[in-house]
Number of protein chains: 2
Amino acid sequence: MFVNQVHNGGMETLDNAAPAADTCCTPGAGPVIDEQEAQRKARILKAFADPKRLQLLSIIKAGDSAETCVCNLTEPLELGQPTVSHHLKILVDAGFLTRRRRGTWAYYSLVPGALESAAAELVDL
Amino acid sequence: MFVNQVHNGGMETLDNAAPAADTCCTPGAGPVIDEQEAQRKARILKAFADPKRLQLLSIIKAGDSAETCVCNLTEPLELGQPTVSHHLKILVDAGFLTRRRRGTWAYYSLVPGALESAAAELVDL
DNA sequence: CTCGTGCATTGATGGATGTCGATACAAGGA
DNA sequence: TCCTTGTATCGACATCCATCAATGCACGAG
């Protein structure tokens with residue numbers, strides 16, 4: 001099924017005289033992340049890859065008491081309340097926000113150091 | 001149309017005796033990124049939010065000569081050649097890879113400091 | 001207990017995106 | 001010149017995702 005690695009189909013004249021005429025480059029033997037690790041990192045980074053979620057994090061980060069309820073988030077984002085709750089759930093599941101109910105209101109706050117660790121995942125992949 | 005900010009519908013007994021019985025929280029007056037800036041950051045981060053692209057970057061980063069051709073990328077990712085070219089184009093357009101043709105082969109290399117600047121976009125949003 | 005309010009969940013839908021097969025382009029060799 | 005090989009692009013398809021309207025749930029007030 002796979003016919004990728006057939007670079008020289010029966011080439012006999014090469015032997016070892018030609019230095020590297022038909023090899024494109026050395027494959028590189030350094031450590032490479034596997035598929036599972038790549039999926040884990042991608043799942044984390046996907047939580048940030050949305051403009052509305054970035055604005056959510058920015059607003060919550062700029063909050064005075066480091067706690068923000070949903071009613072203060074629907075208006076500046078120009079989104080419906082269900083959509084805001086949806087984005088907040090994604091950020092909570094990704095481990096970047098914590099949710100705390102007080103009365104009928106739900107307050108969200110940043111998890112300390114979560115952004116920094118996510119950024120570290122990017123640099124040393 | 002918008003009926004969000006009508007928290008107290010004709011509440012007269014509150015005056016200023018009750019501290020903050022029906023206000024959920026202070027809106028927070030800190031600086032917040034606008035929609036345009038959020039879209040710019042999201043476009044950058046979206047380039048990373050894919051496991052195959054993360055593996056691509058990892059392989060290229062681990063390459064000895066810091067240059068890798070496409071033929072060395074299709075096999076470890078278990079993807080077809082058009083798909084690999086598609087991902088590479090996304091990473092080039094995002095400014096994280098540079099492309100250089102030598103003969104019939106195309107070599108890709110990491111842009112120095114690109115990952116670090118992208119990580120910085122995450123921390124100080 | 002009933003009502004009202006803030007928030008979460010569900011179902012549906014339009015748009016974005018990853019993947020592949022087919023094809024076109026570029027460059028070197030016969 | 002024609003042919004071969006590596007790469008990029010195109011068209012199509014399947015899936016994912018952001019969004020909304022409708023509904024359900026939790027909690028406080030009366």
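Here is how names work: the chains are called A, B, and so on, in the same order as the sequence lines, proteins then strands, and each is numbered from 1. Keep in mind that the numbers below use all heavy atoms, side chains included, and drop hydrogens, waters and symmetry copies.
OP1 and OP2 of C/dT19 both lie 4.0 Å or more from every side-chain N or O belonging to B/Thr83. Within the structure, every side-chain polar atom (N or O) of B/Arg102 is placed at least 4.0 Å from both OP1 and OP2 of C/dA27. For B/His87, no side-chain nitrogen or oxygen approaches OP1 or OP2 of C/dT17 to under 4.0 Å. Between D/dG6 and B/Tyr107, no contact under 4.0 Å exists linking OP1 or OP2 to a side-chain N or O. Regarding contacts with the backbone of C/dA8, a side-chain N or O of A/Arg99 is found under 4.0 angstrom from either OP1 or OP2.
Within the 3.5 Å criterion, the main-chain N or O of A/Glu121 finds a donor-acceptor partner in the side chain of A/Lys41.
Atom CD1 in A/Ile90 sits roughly 13 Å away from atom P in C/dA8 (whole-Å rounding). The CG atom of A/Leu77 sits 9 Å away from the P atom of D/dT19 (whole-angstrom rounding). Put simply, CD on B/Glu75 is 16 Å from C1' on D/dG6, counting in whole angstrom units. Going from atom CZ of A/Arg100 over to atom P of C/dG6 covers 19 Å, rounded to whole Å. Protein atom OH of B/Tyr108 is 11 Å distant from nucleotide atom C1' of D/dG6, rounded to whole Å. Atom CD in B/Glu35 sits about 10 Å away from atom P in D/dT19, given to the nearest Å. C/dG6 atom C1' lies 8 Å from atom CH2 of A/Trp105, rounded to whole Å. Per the geometry, CD belonging to B/Gln81 stands 12 Å off C1' belonging to C/dC25, to the nearest Å.
The residue among A/Arg101 and A/Lys46 whose nearest nucleotide of DNA chain D lies closer to the 5′ end is A/Lys46. Mapping B/Ser85 and A/Gly103 onto DNA chain D by nearest heavy atom places B/Ser85 at the nucleotide closer to the 5' end.
Taking hydrophobic clusters as Ile, Leu, Val, Met, Phe, Trp and Tyr residues chained together by side-chain heavy-atom distances below 4.5 Å, A/Ile90 does not share a cluster with B/Leu122.
Contacts of B/His86 with the nucleic acid, taken as non-hydrogen atoms under 4.0 Å apart, include base atoms.
For an aromatic pair to be called close, the ring centres must be under 6.0 Å apart, and A/Phe48 with B/Phe48 fails this.
Looking at the side chain of B/Cys69, the nearest of the listed nucleotides D/dT7, D/dG6, C/dG6 is D/dT7. Distances from the side chain of B/Pro82 to the nucleotides C/dG6, C/dA8, C/dG21 place C/dG21 closest. Set against D/dA18, D/dG28, C/dA27, the side chain of B/Thr104 has C/dA27 as its closest nucleotide.
Only one option out of B/Asp50, B/Ile60, B/Leu73, B/Leu77 pairs with B/Gln55 in a side-chain contact (heavy atoms from CB on, under 4.5 Å); it is B/Leu77.
A cation-pi arrangement, defined by a distance under 6.0 Å to the six-membered ring centre and an angle within 45 degrees of its axis, is present between B/Arg102 and B/Tyr107.
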